[in-house]
Amino acid sequence: MTTSQLPDSYLLRGTAAGHTLRLIAIDSTQVVEEARLRHGLSKTATAALGRTLSASALLAAVLGKKTDSRVTVRVEGGGSVGWIVAEGSVDGHLRGYVRDPGADLPLRASDGKLDVSGIVGVDGELAVTRLLDNGEPYTGSVRLQSGEIAEDVSYYLGASEQIPNAVLLGVYEEGGHVAQAGGLLIQAMPGVTDETLARLEANIRAMGMLTDNLRRGGLLEAVNRATEGLDVQLAPNAQPARFVCRCSREKALDSLKFFDAAERQEMINAGGQEVACHWCSEKYQITPAEIAALDAPDIHARA
(Lines give C-alpha, C1' and ligand atoms only; values in the text may rest on other atoms or scores of the structure.)
Protein backbone atom coordinates (compact mmCIF):
# COMPACT_ATOMS: atom_id res chain seq x y z
CA MET A 1 0.00 0.00 0.00
CA THR A 2 1.37 3.42 -0.97
CA THR A 3 0.29 6.84 0.25
CA SER A 4 -0.77 7.78 -3.30
CA GLN A 5 -3.53 5.16 -3.04
CA LEU A 6 -5.02 6.61 0.12
CA PRO A 7 -8.12 8.86 0.34
CA ASP A 8 -8.01 12.16 2.26
CA SER A 9 -9.18 10.61 5.53
CA TYR A 10 -9.18 6.86 5.98
CA LEU A 11 -9.05 3.86 8.30
CA LEU A 12 -6.55 1.03 8.22
CA ARG A 13 -7.12 -2.39 9.77
CA GLY A 14 -4.62 -5.12 10.43
CA THR A 15 -3.05 -7.62 12.78
CA ALA A 16 0.40 -8.22 14.19
CA ALA A 17 2.35 -10.84 16.14
CA GLY A 18 0.65 -13.79 14.50
CA HIS A 19 -2.86 -12.31 14.84
CA THR A 20 -2.48 -11.86 18.60
CA LEU A 21 -2.67 -8.09 18.16
CA ARG A 22 -5.48 -6.35 16.30
CA LEU A 23 -5.05 -2.78 15.14
CA ILE A 24 -7.29 -0.06 13.80
CA ALA A 25 -5.82 3.27 12.74
CA ILE A 26 -7.36 6.42 11.33
CA ASP A 27 -6.04 9.46 9.53
CA SER A 28 -8.82 11.92 10.34
CA THR A 29 -7.12 15.10 9.12
CA GLN A 30 -9.80 16.18 6.64
CA VAL A 31 -12.64 15.12 8.94
CA VAL A 32 -11.30 17.21 11.81
CA GLU A 33 -10.59 20.18 9.55
CA GLU A 34 -14.19 20.07 8.33
CA ALA A 35 -15.41 19.93 11.92
CA ARG A 36 -13.23 22.96 12.75
CA LEU A 37 -14.67 24.94 9.86
CA ARG A 38 -18.29 23.91 10.41
CA HIS A 39 -18.31 24.75 14.12
CA GLY A 40 -15.82 27.64 14.21
CA LEU A 41 -13.69 25.81 16.78
CA SER A 42 -10.85 27.34 18.72
CA LYS A 43 -7.46 25.66 18.47
CA THR A 44 -7.83 23.72 21.71
CA ALA A 45 -11.48 22.84 21.07
CA THR A 46 -10.42 21.51 17.65
CA ALA A 47 -7.93 19.20 19.34
CA ALA A 48 -10.50 18.03 21.89
CA LEU A 49 -13.23 17.30 19.34
CA GLY A 50 -10.73 15.93 16.82
CA ARG A 51 -9.40 13.37 19.27
CA THR A 52 -12.94 12.36 20.21
CA LEU A 53 -13.98 12.02 16.56
CA SER A 54 -11.01 9.74 15.90
CA ALA A 55 -11.83 7.75 19.03
CA SER A 56 -15.45 7.27 17.93
CA ALA A 57 -14.26 5.79 14.63
CA LEU A 58 -11.86 3.40 16.38
CA LEU A 59 -14.50 2.32 18.89
CA ALA A 60 -17.05 1.74 16.14
CA ALA A 61 -14.57 -0.55 14.39
CA VAL A 62 -13.96 -2.53 17.60
CA LEU A 63 -17.48 -2.59 19.08
CA GLY A 64 -19.71 -2.41 15.99
CA LYS A 65 -21.29 -5.70 15.00
CA LYS A 66 -22.99 -4.66 11.75
CA THR A 67 -22.05 -2.60 8.70
CA ASP A 68 -24.33 0.23 9.86
CA SER A 69 -23.39 0.09 13.56
CA ARG A 70 -22.75 3.43 15.25
CA VAL A 71 -20.99 4.37 18.47
CA THR A 72 -21.53 7.67 20.28
CA VAL A 73 -18.86 9.02 22.63
CA ARG A 74 -19.76 11.74 25.12
CA VAL A 75 -17.12 13.42 27.28
CA GLU A 76 -18.06 15.83 30.05
CA GLY A 77 -15.47 16.79 32.62
CA GLY A 78 -16.57 20.14 33.98
CA GLY A 79 -14.16 22.18 31.88
CA SER A 80 -14.90 25.30 29.84
CA VAL A 81 -15.67 23.36 26.63
CA GLY A 82 -18.68 21.81 28.34
CA TRP A 83 -19.48 18.50 26.73
CA ILE A 84 -17.97 16.85 23.65
CA VAL A 85 -20.07 14.46 21.57
CA ALA A 86 -18.83 12.41 18.62
CA GLU A 87 -20.46 9.66 16.61
CA GLY A 88 -18.57 7.12 14.55
CA SER A 89 -19.93 4.36 12.35
CA VAL A 90 -18.50 1.18 10.93
CA ASP A 91 -18.82 2.65 7.42
CA GLY A 92 -16.43 5.50 8.27
CA HIS A 93 -19.01 8.27 8.67
CA LEU A 94 -18.21 10.66 11.52
CA ARG A 95 -19.82 13.72 13.05
CA GLY A 96 -19.55 15.62 16.33
CA TYR A 97 -19.78 18.89 18.22
CA VAL A 98 -18.85 20.62 21.48
CA ARG A 99 -20.89 22.71 23.90
CA ASP A 100 -18.63 25.78 23.60
CA PRO A 101 -16.67 25.89 20.33
CA GLY A 102 -14.76 28.99 21.46
CA ALA A 103 -13.33 27.44 24.64
CA ASP A 104 -9.57 27.87 24.64
CA LEU A 105 -6.53 28.08 26.90
CA PRO A 106 -2.89 29.12 26.45
CA LEU A 107 -0.35 26.43 25.67
CA ARG A 108 0.78 24.52 28.73
CA ALA A 109 3.87 26.05 30.30
CA SER A 110 5.20 22.59 31.19
CA ASP A 111 5.58 21.26 27.63
CA GLY A 112 4.21 23.87 25.21
CA LYS A 113 1.33 21.58 24.15
CA LEU A 114 -2.37 22.33 23.76
CA ASP A 115 -4.13 22.15 27.12
CA VAL A 116 -6.90 19.76 26.10
CA SER A 117 -7.35 18.40 29.62
CA GLY A 118 -7.68 21.99 30.81
CA ILE A 119 -10.76 22.76 28.70
CA VAL A 120 -12.21 19.24 29.10
CA GLY A 121 -11.70 18.93 32.85
CA VAL A 122 -11.40 15.74 34.87
CA ASP A 123 -14.45 15.99 37.12
CA GLY A 124 -16.82 13.92 35.06
CA GLU A 125 -17.14 10.89 32.84
CA LEU A 126 -16.70 9.39 29.41
CA ALA A 127 -19.78 7.53 28.17
CA VAL A 128 -20.04 5.26 25.14
CA THR A 129 -23.41 4.31 23.65
CA ARG A 130 -23.91 1.51 21.13
CA LEU A 131 -26.64 -0.85 20.03
CA LEU A 132 -26.59 -4.41 21.31
CA ASP A 133 -27.36 -7.41 19.09
CA ASN A 134 -31.04 -7.18 20.08
CA GLY A 135 -31.21 -3.55 18.93
CA GLU A 136 -31.37 -2.09 22.43
CA PRO A 137 -29.06 0.84 23.21
CA TYR A 138 -26.38 0.21 25.82
CA THR A 139 -24.33 2.91 27.52
CA GLY A 140 -21.18 2.21 29.47
CA SER A 141 -19.32 4.93 31.31
CA VAL A 142 -16.17 5.51 33.34
CA ARG A 143 -14.79 8.37 35.36
CA LEU A 144 -12.37 10.55 33.43
CA GLN A 145 -8.75 9.70 34.11
CA SER A 146 -6.97 12.66 32.54
CA GLY A 147 -9.24 14.61 30.19
CA GLU A 148 -6.71 13.98 27.42
CA ILE A 149 -9.22 11.63 25.69
CA ALA A 150 -6.79 8.85 24.64
CA GLU A 151 -6.13 7.71 28.21
CA ASP A 152 -9.83 7.96 29.00
CA VAL A 153 -10.86 5.88 25.97
CA SER A 154 -8.22 3.27 26.78
CA TYR A 155 -9.45 3.09 30.36
CA TYR A 156 -13.03 2.70 29.15
CA LEU A 157 -12.16 -0.22 26.90
CA GLY A 158 -10.30 -1.99 29.69
CA ALA A 159 -12.72 -1.30 32.53
CA SER A 160 -16.11 -1.39 30.77
CA GLU A 161 -15.50 -3.72 27.82
CA GLN A 162 -12.67 -5.87 29.28
CA ILE A 163 -10.56 -5.26 26.17
CA PRO A 164 -6.79 -4.96 26.85
CA ASN A 165 -5.59 -2.15 24.60
CA ALA A 166 -3.39 0.80 23.79
CA VAL A 167 -4.85 4.03 22.35
CA LEU A 168 -3.04 6.96 20.76
CA LEU A 169 -4.83 10.11 19.55
CA GLY A 170 -3.59 13.43 18.25
CA VAL A 171 -4.40 16.65 16.39
CA TYR A 172 -1.82 19.09 15.07
CA GLU A 173 -2.70 22.53 13.74
CA GLU A 174 -0.42 24.64 11.59
CA GLY A 175 -1.10 27.88 9.76
CA GLY A 176 -4.62 28.13 11.12
CA HIS A 177 -5.81 24.75 9.86
CA VAL A 178 -5.60 21.07 10.83
CA ALA A 179 -2.39 19.71 9.35
CA GLN A 180 -2.51 16.22 10.91
CA ALA A 181 -5.05 14.32 12.96
CA GLY A 182 -5.50 10.66 13.67
CA GLY A 183 -5.63 7.78 16.08
CA LEU A 184 -4.38 4.26 16.66
CA LEU A 185 -5.97 1.50 18.71
CA ILE A 186 -4.16 -1.79 19.32
CA GLN A 187 -6.12 -4.58 20.97
CA ALA A 188 -4.53 -7.58 22.67
CA MET A 189 -6.15 -10.79 21.46
CA PRO A 190 -6.28 -14.26 23.06
CA GLY A 191 -2.90 -15.98 22.93
CA VAL A 192 -0.81 -12.82 23.06
CA THR A 193 2.49 -13.39 24.86
CA ASP A 194 4.14 -11.29 27.54
CA GLU A 195 7.07 -10.79 25.17
CA THR A 196 4.77 -9.32 22.51
CA LEU A 197 3.15 -6.96 25.00
CA ALA A 198 6.53 -5.86 26.30
CA ARG A 199 7.72 -5.11 22.76
CA LEU A 200 4.53 -3.20 21.98
CA GLU A 201 4.86 -1.10 25.13
CA ALA A 202 8.51 -0.34 24.33
CA ASN A 203 7.59 0.66 20.77
CA ILE A 204 4.87 3.02 21.93
CA ARG A 205 7.18 4.63 24.47
CA ALA A 206 9.89 5.09 21.84
CA MET A 207 7.64 6.57 19.14
CA GLY A 208 6.63 9.57 21.24
CA MET A 209 3.71 11.80 20.23
CA LEU A 210 1.39 10.39 17.58
CA THR A 211 1.27 13.72 15.76
CA ASP A 212 5.08 13.76 15.43
CA ASN A 213 4.87 10.44 13.57
CA LEU A 214 1.99 11.67 11.43
CA ARG A 215 4.01 14.74 10.49
CA ARG A 216 7.07 12.67 9.59
CA GLY A 217 5.48 9.96 7.50
CA GLY A 218 1.72 9.87 7.88
CA LEU A 219 -0.40 7.14 9.40
CA LEU A 220 1.69 4.31 7.95
CA GLU A 221 4.72 5.70 9.77
CA ALA A 222 2.83 5.64 13.05
CA VAL A 223 1.54 2.10 12.51
CA ASN A 224 5.00 0.80 11.57
CA ARG A 225 6.66 2.45 14.56
CA ALA A 226 4.08 1.06 16.99
CA THR A 227 4.36 -2.48 15.60
CA GLU A 228 8.08 -2.56 14.82
CA GLY A 229 9.38 -6.13 15.09
CA LEU A 230 5.88 -7.55 15.43
CA ASP A 231 5.22 -8.55 11.80
CA VAL A 232 2.31 -6.23 11.09
CA GLN A 233 -0.10 -7.32 8.35
CA LEU A 234 -2.42 -4.60 7.00
CA ALA A 235 -5.62 -5.18 5.06
CA PRO A 236 -4.99 -4.29 1.39
CA ASN A 237 -7.62 -1.55 1.13
CA ALA A 238 -8.04 1.58 3.22
CA GLN A 239 -11.58 2.59 4.14
CA PRO A 240 -12.53 6.22 3.43
CA ALA A 241 -13.63 8.30 6.42
CA ARG A 242 -15.80 11.41 6.06
CA PHE A 243 -17.66 13.97 8.12
CA VAL A 244 -21.27 13.01 7.36
CA CYS A 245 -24.38 14.22 9.17
CA ARG A 246 -27.78 12.57 8.99
CA CYS A 247 -29.71 15.83 9.33
CA SER A 248 -32.09 16.97 6.59
CA ARG A 249 -34.66 19.65 5.83
CA GLU A 250 -37.41 17.13 6.54
CA LYS A 251 -36.01 16.37 10.00
CA ALA A 252 -35.60 20.09 10.71
CA LEU A 253 -39.25 20.68 9.83
CA ASP A 254 -40.27 17.66 11.88
CA SER A 255 -38.53 19.10 14.94
CA LEU A 256 -40.99 22.00 14.98
CA LYS A 257 -43.77 19.55 15.84
CA PHE A 258 -42.43 19.55 19.40
CA PHE A 259 -43.60 23.17 19.75
CA ASP A 260 -47.25 23.90 20.47
CA ALA A 261 -49.55 25.59 17.96
CA ALA A 262 -49.19 29.03 19.57
CA GLU A 263 -45.40 28.87 19.37
CA ARG A 264 -45.54 27.81 15.74
CA GLN A 265 -47.88 30.72 15.01
CA GLU A 266 -45.26 33.07 16.47
CA MET A 267 -42.74 31.57 14.04
CA ILE A 268 -45.13 32.18 11.15
CA ASN A 269 -45.71 35.78 12.23
CA ALA A 270 -41.94 36.29 12.42
CA GLY A 271 -41.54 35.24 8.79
CA GLY A 272 -40.39 31.68 9.35
CA GLN A 273 -37.91 29.85 11.53
CA GLU A 274 -34.25 28.92 11.26
CA VAL A 275 -33.36 25.45 12.52
CA ALA A 276 -29.68 24.65 13.11
CA CYS A 277 -28.27 21.14 13.45
CA HIS A 278 -26.00 20.94 16.47
CA TRP A 279 -24.08 18.01 14.96
CA CYS A 280 -22.89 19.84 11.85
CA SER A 281 -24.06 23.49 12.16
CA GLU A 282 -26.11 23.21 8.96
CA LYS A 283 -28.93 25.78 8.98
CA TYR A 284 -32.38 25.23 7.48
CA GLN A 285 -34.71 28.16 6.78
CA ILE A 286 -38.27 26.91 7.30
CA THR A 287 -40.91 29.06 5.56
CA PRO A 288 -44.20 30.22 7.11
CA ALA A 289 -46.10 28.04 4.62
CA GLU A 290 -44.17 24.95 5.70
CA ILE A 291 -44.83 25.71 9.36
CA ALA A 292 -48.53 26.34 8.70
CA ALA A 293 -48.80 22.99 6.95
CA LEU A 294 -47.86 21.26 10.21
CA ASP A 295 -51.22 22.34 11.65
CA ALA A 296 -53.25 21.68 8.52
CA PRO A 297 -55.99 19.04 8.84
CA ASP A 298 -54.97 15.60 7.59
CA ILE A 299 -57.64 14.81 5.01
CA HIS A 300 -56.29 11.32 4.57
CA ALA A 301 -56.72 10.64 8.28
CA ARG A 302 -60.40 11.74 8.11
CA ALA A 303 -61.01 9.52 5.15
Side-chain angles (χ1 to χ4, degrees), residues 11-26 28 51-75 84-92 94 96 124-170 182-205 207 210 219 222-223 225-227 230-235 239 241:
L11 287 111
L12 298 177
R13 292 175 171 81
T15 62
H19 303 288
T20 61
L21 294 176
R22 177 190 184 193
L23 67 92
I24 303 98
I26 182 170
S28 56
R51 293 179 189 182
T52 311
L53 281 166
S54 296
S56 72
L58 300 177
L59 289 172
V62 170
L63 303 176
K65 303 299 184 183
K66 302 177 181 178
T67 56
D68 60 349
S69 293
R70 296 191 297 269
V71 168
T72 302
V73 182
R74 182 184 174 96
V75 181
I84 308 167
V85 183
E87 181 187 83
S89 62
V90 174
D91 59 9
L94 307 173
E125 67 177 21
L126 178 146
V128 177
T129 301
R130 58 190 172 92
L131 292 181
L132 300 175
D133 290 341
N134 62 7
E136 293 294 320
Y138 167 79
T139 299
S141 63
V142 293
R143 298 294 299 176
L144 289 176
Q145 303 300 297
S146 70
E148 293 286 342
I149 310 301
E151 294 92 333
D152 301 302
V153 171
S154 181
Y155 181 73
Y156 168 81
L157 280 171
S160 190
E161 302 287 347
Q162 289 75 55
I163 296 176
N165 71 92
V167 176
L168 301 175
L169 301 168
L184 173 62
L185 190 159
I186 301 178
Q187 175 185 352
M189 304 297 287
V192 69
T193 65
D194 291 340
E195 291 79 9
T196 292
L197 293 177
R199 181 60 186 266
L200 176 64
E201 291 172 4
N203 287 348
I204 290 175
R205 283 196 303 270
M207 69 186 288
L210 176 64
L219 189 60
V223 169
R225 288 289 302 278
T227 58
L230 295 173
D231 188 29
V232 64
Q233 303 290 323
L234 293 176
Q239 178 186 17

Exercise. Just jot down the side chain to side chain contact (heavy atoms under 4.5 Å, CB included) partners of R130, sequence neighbours excluded, or say none.
Key: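 In terms of side chain to side chain contact (heavy atoms under 4.5 Å, CB included), with neighbours along the sequence ignored, R130 is linked to L63, V71, L132, Y138, E161.
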Output the distance between atom [atom1] ([X]) and atom [atom2] ([Y]), rounded to the nearest 0.5 Å.
| X | Y | atom1 | atom2 | result |
| --- | --- | --- | --- | --- |
| L23 | Q233 | CG | CD | 10.5 Å |
| L59 | Y156 | CG | OH | 7.5 Å |
| L12 | Q239 | CG | CD | 10.0 Å |
| T196 | E201 | OG1 | CD | 11.0 Å |
| S154 | Q145 | OG | CD | 9.5 Å |
| R13 | L185 | CZ | CG | 11.5 Å |

Self-check item: Those residues that, when tested against T20, pass side-chain hydrogen bond (donor to acceptor under 3.5 Å, both in side chains) (two or more places apart)
Solution: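 Applying side-chain hydrogen bond (donor to acceptor under 3.5 Å, both in side chains) to T20 gives none.
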Practice problem: Can you sort out the partners of T227 under side-chain hydrogen bond (donor to acceptor under 3.5 Å, both in side chains), two or more places apart, ordered by chain and number? | Solution: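 Checked T227 against side-chain hydrogen bond (donor to acceptor under 3.5 Å, both in side chains); zero matches.
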Exercise. For R70, check salt bridge (Lys or Arg N to Asp or Glu O under 4.0 Å) against everything at least two apart and list the hits.
Key: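 Checked R70 against salt bridge (Lys or Arg N to Asp or Glu O under 4.0 Å); matches are E87.
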Quiz item: Can you list every salt bridge (charged side-chain N to carboxylate O under 4.0 Å, His left out) pair that touches residues 142-160, not counting sequence neighbours?
Solution: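 Counting only pairs at least two positions apart or across chains, the salt bridge (charged side-chain N to carboxylate O under 4.0 Å, His left out) contacts touching residues 142-160 are R51-E148, R108-E148, D123-R143.
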Self-check item: Sequence neighbours excluded - salt bridge (charged side-chain N to carboxylate O under 4.0 Å, His left out) pairs with any residue from residues 184-200
Solution: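 Listed once each, the pairs would be none.
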Practice problem: Please report the C-alpha distance between M207 and L168 in whole Å, then the side-chain angles of each, then the deciding distance to 0.1 Å, and finally whether the side chain to side chain contact (heavy atoms under 4.5 Å, CB included) criterion is met. | Solution: CA-CA 11 Å; M207 69 186 288; L168 301 175; 3.8 Å; yes
Shortest non-hydrogen contact from [X] toward [Y]:
| X | Y | result |
| --- | --- | --- |
| L184 | A25 | CD1-CB, 3.8 Å |
| A60 | G88 | CB-O, 3.6 Å |
| G183 | L219 | O-CD1, 4.2 Å |
| I163 | Q187 | CG2-CG, 3.4 Å |
| G64 | S69 | CA-CB, 3.6 Å |
| G182 | L210 | O-CD2, 3.4 Å |

Quiz prompt | Verdict with reasoning, I26 to L94, per side chain to side chain contact (heavy atoms under 4.5 Å, CB included) | solution = CA-CA 12 Å; I26 182 170; L94 307 173; 4.0 Å; yes
Quiz item: Within a strict 4.5 Å, meaning less than it, do heavy atoms of the V153 and V128 side chains meet?
Solution: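 Sidechains of V128 and V153: no contact.
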Self-check item: Residue pair T139, T72: steps toward the side chain to side chain contact (heavy atoms under 4.5 Å, CB included) verdict
Solution: CA-CA 9 Å; T139 299; T72 302; over 6 Å; no
Exercise. For N203 and L230, run side chain to side chain contact (heavy atoms under 4.5 Å, CB included): C-alpha distance rounded to whole Å, both residues' side-chain angles, the deciding distance at 0.1 Å, then the answer.
Key: CA-CA 10 Å; N203 287 348; L230 295 173; 4.1 Å; yes
